[in-house]
Amino acid sequence: MAWWLMKSEPEVYGIDHLAAEGTTLWDGIRNYQARNFMRSMAVGDQAFFYHSNASPPGIVGLMEVVETGLVDPSQFDPQSHYFDPRSSRDQPRWDCVRLAFRGRFARLLSLEELRSGFSVEDLAVVRRGNRLSILPVADAIAARLLETLGPVQS
DNA sequence: GCCAACGTTGGC
DNA sequence: GCCAACGTTGGC
């Protein structure tokens, strides 16, 4: 079982949306590195939900991968912000996973706090200007995060 | 294959 | 709104 950190803007899709829906398709990823991380996910993997472009930004909850290898439908939709004219049904370019809500942490673990307790080697999200929306988290670092945050409340 | 121009993310 | 970081694109 692997650990991940996945970012989303709470105004667009935050932990409250996921809590209400139960599960969601993590679609709209248009970065090859992030896509490749999704491709390496397995059912049962856990992901920290990170609120980006928030005040303050930080980790708010926990998710679990419940389905992998799904074609991202938004790439075919001309109305979608994520439409990709280079994609075809025969040769889709983007895929995604389905995630389930596992709970909120009792408090937010802010980026500022992450920077004071973790190095760039530990957790890429602490690097200034980091743009990758999906990042792997080493087991030992995940354990430290969970230790800091305590159990989730579902 | 190089690299300049451009676009996007996201903190501040 | 600014800007750092960095991926992508396209001319050559």
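For the pair A/Leu114 CG and B/dG10 C1', the interatomic distance rounds to 15 Å; values are reported in whole Å. Atom CZ in A/Arg115 sits roughly 10 Å away from atom C1' in B/dG10 (whole-Å rounding). Distance A/Phe37 CZ to C/dG7 C1': 14 Å, rounded to the nearest Å. Across the protein-nucleic acid pair, A/Arg128 atom CZ and B/dG10 atom P stand 14 Å apart, rounded to whole Å. Rounded to a whole Å, the CZ atom of A/Arg35 is 15 Å from the P atom of C/dG7. In this structure, CD1 of A/Ile29 is placed 9 Å from P of B/dG10, rounded to the nearest angstrom. As rounded to whole Å, 11 Å separates atom P of B/dC12 from atom CG of A/Asn53. Summarising the geometry, the separation between CD on A/Glu112 and C1' on B/dC12 is reported as 12 Å, rounded to the nearest angstrom.
Under 4.0 angstrom from either OP1 or OP2 of B/dG10 there lies at least one side-chain N or O belonging to A/Lys7. Listed pair A/Arg127 / C/dC6 meets the phosphate criterion, a side-chain N or O lying under 4.0 Å from OP1 or OP2.
For A/Arg131, the listed nucleotide lying nearest its side chain is C/dA5; candidates were C/dA5, C/dT9, B/dC12. The side chain of A/Leu111 lies closest to B/dG11 when the candidates are C/dT9, B/dG11, B/dT8. When distances are taken from the side chain of A/Pro57 to each of B/dG11, B/dT9, B/dG10, the shortest belongs to B/dG11. With B/dC12, C/dC6, C/dT8 as the choices, the nucleotide that has an atom nearest any side-chain atom of A/Tyr32 turns out to be C/dT8.
Sparse packing is recorded around CD of A/Gln91, with 12 or fewer heavy atoms of other residues, nucleotides or ligands lying under 6.0 Å away. The 12-atom threshold is not exceeded at CD of A/Glu112, counting heavy atoms of other residues, nucleotides or ligands nearer than 6.0 Å.
Under the side-chain hydrogen bond (donor to acceptor under 3.5 Å, both in side chains) rule, A/Asp95 has a single partner from A/Gln75, A/Arg35, A/Arg39, which is A/Arg39. Residue A/Trp94 is tested with A/Tyr82, A/Tyr32, A/Phe83 for a ring pair (Phe, Tyr, Trp, His ring centres under 6.0 Å); the sole match is A/Tyr32.
Note: A/Phe49 and A/His51 meet the aromatic proximity criterion, with ring centroids under 6.0 Å apart.
Within 4.0 Å of A/Arg86, counting heavy atoms only, lie sugar-phosphate atoms of the nucleic acid but no base atom.
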